[in-house]
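Reading through the structure tokens given below for one structure.
Please read these numbers as outputs of a predicted model, since none were measured by experiment. Residue indices begin at 1 and follow the sequence shown. Computed from heavy atoms alone, side chains included, the values below leave out hydrogens, waters and symmetry copies.
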Amino acid sequence: MRILPNPVGPNAEFYAWCARGELRLQRCADCGTWRHPPRHRCAACGSLAASWEPVSGRGRVFSWTITHQALDPAFTTPYAVVIVELDEGPRLVGNLRDMEPSDLALDLPVEAVLEPISDTVALVQFRPGSRQRSE
Ligand SMILES: [Zn+2]
């Protein structure tokens, strides 16, 4: 049995959107700066006002780590946790799926997949994406 997130506050809202099948990130309603991980105040302007805006889920691999020795038997090794820079700019952490961790490369195009695990939580995962970023 996997240990699952038990989110509270703004983090719970993020996971609730994911559980509904929508990848949305918090965004400052005053200056437009993305806020991720979710938090009460904007790091740019200090505003408390925010909305939850949909994002594409498409991005590129910014960094990763590969685990070869699982501390919990629920995890099958090796597995990779990736940091993805979304096309919209924010960076998200998620598990890698549908490819071998040893095939990871910087700037690899990926897309988010939401894995429902309960009524209130879905986990963000990333798989290889075919679309090229439009610049
Ligand atoms: Zn702001």
Using side-chain heavy atoms (C-beta onward) and a distance below 4.5 Å, is [X] in contact with [Y]?
X    : Y    : result
T33  : C45  : no
P7   : F14  : no
E88  : S56  : yes
C18  : L23  : yes
R127 : E111 : yes
L123 : N95  : no
R91  : E85  : yes
R27  : P90  : no

Report the distance from atom [atom1] of [X] to atom [atom2] of [Y], rounding to the nearest 0.5 Å.
X    : Y    : atom1 : atom2 : answer
L86  : L92  : CG    : CG    : 5.0 Å
T120 : R20  : OG1   : CZ    : 10.5 Å
C42  : L48  : SG    : CG    : 10.0 Å
L104 : M99  : CG    : CE    : 4.5 Å
W34  : E53  : CH2   : CD    : 5.5 Å
L4   : S118 : CG    : OG    : 7.0 Å

Donor-acceptor pairs under 3.5 angstrom involving side-chain atoms of residues 65-82: please list them, not counting sequence neighbours.
{"residue": "D72", "atom": "OD1", "partner": "A74", "partner atom": "N", "Å": "2.7"}
{"residue": "T77", "atom": "OG1", "partner": "H68", "partner atom": "O", "Å": "3.4"}

If hydrophobic clusters are built by linking Ile, Leu, Val, Met, Phe, Trp and Tyr wherever their side-chain heavy atoms come under 4.5 Å apart, do [X] and [Y] end up in the same one?
X   : Y    : result
V8  : Y15  : no
W64 : F62  : no
W17 : V121 : yes

More than 12 non-hydrogen atoms from neighbouring residues, nucleotides or ligands closer than 6.0 Å to CG on D119, yes or no?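 Open: at most 12 neighbouring heavy atoms sit under 6.0 Å from CG of D119.
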Backbone N or O of S51 within a donor-acceptor pair of the R24 side chain at under 3.5 Å?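 No; judged by distance alone, with no hydrogens or angles, the pair does not exist.
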Residue pair [X] / [Y]: nearest heavy atoms and the distance that separates them:
X    : Y    : answer
Q26  : P38  : OE1-CA, 3.3 Å
S47  : R35  : O-NH2, 3.0 Å
A112 : V124 : CB-CG1, 4.3 Å
I117 : P5   : CD1-CD, 4.1 Å

Apply ring-ring contact (aromatic ring centres under 6.0 Å, His included) to F126 and list each qualifying residue two or more places apart in sequence or on a separate chain.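 Per chain and number, F126 pairs via ring-ring contact (aromatic ring centres under 6.0 Å, His included) with no residue.
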Do S102 and E100 get their side chains close enough for a donor-acceptor pair, meaning under 3.5 Å?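 Side-chain D/A pair, S102 to E100: absent.
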